[in-house]
Amino acid sequence: MQDVLLDVQNLVVHFRVYGGYLKVLDGVTLQVRRQERVGLVGETGCGKTTTMKTIMGILPKPPGVVRGGRILFKGRDVLSMRPQELEHLRRSGISMIFQDPTAALNPVFTVGEQLEDAIRYALGRRDHASVREVALSALQSVALPDPPRILESYPVQLSGGMRQRVCIALALAYPKELLIADEPGTSLDVTIQDQILRLIHRLAEERKMAVILISHSLGVIREWTERVYVMYAGTIVEEAKTGELFARPLHPYTGALMRCVPKLTGTGIAEGIPGRIPDYFDPPAGCRFHPRCPHCMDICRQRKPQLFPVDENHRVACFLFGRNSRG
Amino acid sequence: MDELLVVEGLRKFFATSRGIVRAVQDVSFAIRPGETFGLVGESGSGKSTVAYTVMGMYRPSGGRILFRGQDITMPHARRPLALKKELQIVFQDPGSSLNPRRSIREILELPLRVHRLVDGRRLRERVEELLNIVELPPDYAEKYPRALGGGEKQMVAIARALATEPSLLVLDEPTSALDVSIQAKIINTLVRIQKERHLGYLFITHDLSLMRNIAHRVAIMYLGRIMELAPAQVFFERPLHPYTQMLLSSIPVISEEEERLKPAKIVSTGEIPSPVNLPPGCVFHPRCREAWEVCRREEPGMREVEVGHLVRCHLYGA
């Protein structure tokens with residue numbers, strides 16, 4: 001397992017609220033290998049962003065509390081890192097870009113001021129000319145036209161697509177081994193989303209960088225990742241090679257979700273998934289999907305299914321598949 | 001006169017400090033009873049402006065809007081109450097379109113009172129009926145919007161729109177803010193309501209895959225103009241406009257069957273220009289891979305290339 005870059009094991013994260021805890025992440029396990037493009041798909045509130053923020057060490061504590069699990073980046077435990085080590089991790093190990101590029105940029109500073117700040121921080125370099133040079137080449141690498149002009153611009157003067165490119169330039173001004181892209185095209189138009197995802201793909205290949213692409217869109221995941229984790233209510237319910245998952249979704253949730261997606265073939269839309277995402281204050285015992293599952297059995301109400309390998313490239317956390325998961 | 005709504009040569013300009021924004025230019029279409037007419041386009045294409053102008057929320061800068069043959073090209077305040085009852089709208093964000101300080105009952109009673117549709121004793125019953133249409137239990141009447149999930153709020157907004165028994169519903173991205181599992185339920189409810197009541201829908205979305213599954217006819221807008229208009233099946237199987245093709249080929253899909261339906265990969269380039277400073281000639285030419293000299297000079301008109309299939313492009317000129 002030497003090529004494993006990021007190894008998240010059984011991560012449990014709760015949020016302290018008035019009168020108790022929201023039990024959001026309930027044992028999230030995932031791995032990312034070097035240069036791999038991994039997808040994390042799930043609906044609003046399933047814990048995708050909480051997982052990533054915990055990995056980045058930017059989970060607000062309080063109210064967040066890590067109750068268990070380990071996060072290893074290149075074998076080193078992120079959860080027990082001291083602040084300087086975490087800073088080093090974000091400087092040269094992992095970067096993250098967010099859904100809303102407008103909120104991620106400071107409106108009162110020019111792109112140049114923000115980008116040059118990030119570069120000085122990453123390189124520890126103070127010489128103005130060379131910082132500017134790195135800034136210009138960072139903007140060039142994200143295919144922004146006329147970089148000198150962009151450096152002088154305020155975020156408000158740029159379009160949404162251009163702002164997201166600036167965010168990518170900020171994240172990758174210094175080489176990184178892992179980029180976490182949290183819904184990078186969701187707030188943008190479909191043609192612009194396509195351009196942004198293509199850019200991330202190209203940069204990942206050129207820089208031999210791994211990517212975690214978070215999305216609620218199964219289409220985006222299918223097109224841009226090699227391996228996928230499906231998340232439901234704070235748990236990973238299925239993991240497979242991307243092609244395999246879309247050809248043969250096993251978990252009842254994954255299948256139901258795929259049927260809800262409107263198809264270009266115009267074959268109509270399934271009835272949706274009955275019920276709603278559980279209340280994290282008092283989540284269902286056993287499998288968290290059981291109250292909405294048409295195949296629910298007695299065991300599903302009592303025990304939490306573990307990810308069980310169906311074959312080499314496919315694992316599912318469901319008692320319908322395999323006895324091991326009852327263990 | 002079997003058309004419910006006819007929009008002819010609609011224009012809407014806004015004066016801003018940076019100049020005149022030509023949000024809608026020369027938009028024409030018609031909607032029949034029981035039909036879903038889909039308006040797609042990227043942000044800034046003018047699709048919501050068309051909807052709001054139809055609703056009377058904006059006064060058109062030019063063109064005409066006819067409802068059942070009657071000219072309704074006047075602002076909302078001047079429209080007769082009986083007409084307002086016929087046209088209702090559902091907005092994208094139910095979080096901000098429902099008053100947080102009113103219970104669901106009060107929200108649903110308001111249109112009934114304004115239009116004096118039922119007498120006081122029947123109000124209670126009618127609210128329950130409305131909740132029933134959108135498949136919400138009767139005890140939801142006593143709840144407040146904050147206690148409801150996003151999908152349930154949108155169901156309340158739909159019930160409110162149905163309260164006056166309209167014949168045309170404008171749906172402005174009604175499911176764009178929701179997850180697909182919730183969207184599925186709302187779309188199916190909308191389709192059922194349409195069948196039961198023979199409603200006309202003006203359905204606005206940027207989601208082409210969703211459009212394929214709900215619209216009978218589709219028009220695609222770009223910088224205020226309709227670029228192509230066709231029956232849904234034709235629109236998706238034989239798109240003619242280079243913009244339609246580019247947009248269709250950019251959609252991420254989830255199966256091989258869908259992949260085969262997409263036009264050959266056209267790498268999307270460029271961004272939508274500012275509507276204050278429109279390119280000369282065809283507004284799409286700076287992003288169009290087929291553009292040639294005439295496209296930079298002359299704006300193409302709308303041409304009917306086969307029955308019911310209109311396209312605004314020099315490629316299909318006479």
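Letters A, B, ... mirror the listed sequences (proteins, then strands); counts begin at 1.
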request  = Name the orientation class of the two ring planes belonging to B:Tyr243 and B:Tyr222 (parallel below 30°, tilted from 30 to 60°, perpendicular beyond 60°).
outcome  = tilted

Exercise for review: State plainly whether the residues B:Glu135 and B:Arg192 are in salt-bridge range, i.e. N to O under 4.0 Å.
Suggested key: yes

(message) Can a side-chain donor-acceptor contact be found between A:Thr242 and A:Thr225 if the only test is distance below 3.5 angstrom?
(response) yes

Under a 4.5 Å heavy-atom criterion, the part of residues 272-280 of chain A in contact with chain B comprises A:Gly272, A:Ile273, A:Arg276

Under 3.5 Å donor-acceptor pairs involving side-chain atoms of residues 144-155 of chain A, not counting sequence neighbours:
residue  : atom : partner  : partner atom : Å
A:Asp146 : OD2  : A:Arg149 : NE           : 3.4
A:Ser153 : OG   : A:Arg149 : O            : 2.9

**Prompt:** Less than 4.5 Å apart, any side-chain heavy atom of B:His216 and any of B:Arg32?
**Reply:** no

Could you tell me if the side chain of A:Ile196 sits less than 4.5 Å from the side chain of A:Ile168, heavy atoms only?
yes

Under 4.5 Å to a heavy atom of chain A? For B:Leu210 that would be both

Okay, B:Leu261 and chain A: the region with an atom under 4.5 Å from a heavy atom over there is side chain

Next item on the list: Indicate whether the side chain of B:Gln194 and that of B:Tyr201 have a donor and an acceptor atom separated by less than 3.5 Å.
Entry: no

When the 4.5 angstrom heavy-atom criterion is applied to B:Arg287 and chain A, the contacting part is side chain

Q.
Would you call the rings of A:Tyr232 and A:Tyr253 parallel, tilted or perpendicular, taking 30° and 60° as the class edges?
A. tilted

Looking only at A:Gly45, A:Gly160, A:Ala270, the option with the highest number of non-hydrogen pairs under 4.5 Å against chain B is A:Ala270

Checked A:Thr265, A:Leu264, A:Thr267 vs chain B; the most non-hydrogen pairs under 4.5 Å come from A:Leu264

One option among A:Arg198, A:Met162, A:Met258, A:His216 has the most heavy-atom pairs under 4.5 Å with chain B, and it is A:Arg198

So, the part of B:Ser255 with a heavy atom under 4.5 Å from chain A: the answer is backbone

Whatever's closer than 4.5 Å to a heavy atom in chain A on B:Glu256 counts as both

Bottom line for B:Glu259: the part with an atom under 4.5 Å from chain A's heavy atoms is side chain

Only one of A:Glu239, A:Glu238, A:Glu244 passes salt bridge (charged side-chain N to carboxylate O under 4.0 Å, His left out) with A:Arg315, and that residue is A:Glu239

Of B:His206, B:Arg260, B:Glu271, B:Lys262, the largest count of non-hydrogen pairs under 4.5 angstrom with chain A goes to B:Glu271

Original post:
So, does B:Gln25 use its side chain to make a donor-acceptor pair with the main chain of B:Gly224 at under 3.5 Å?
Top reply: no

Bottom line for A:Arg259: the part with an atom under 4.5 Å from chain B's heavy atoms is neither

Would you call B:Leu39 and B:Val50 a side-chain contact if the rule is heavy atoms closer than 4.5 Å? yes

Ranking A:Val190, A:Leu257, A:Thr191 by heavy-atom pairs under 4.5 Å to chain B gives rank one to A:Thr191

When the 4.5 angstrom heavy-atom criterion is applied to B:Ile186 and chain A, the contacting part is neither

Bottom line for A:Glu43: the part with an atom under 4.5 Å from chain B's heavy atoms is both

- request: For the residue pair B:Leu190 and B:Val90, establish whether any side-chain heavy-atom pair is separated by less than 4.5 Å.
  value: no

Using 4.0 Å as the upper bound for N to carboxylate O, is an ion pair formed by A:Lys263 and B:Glu257? no

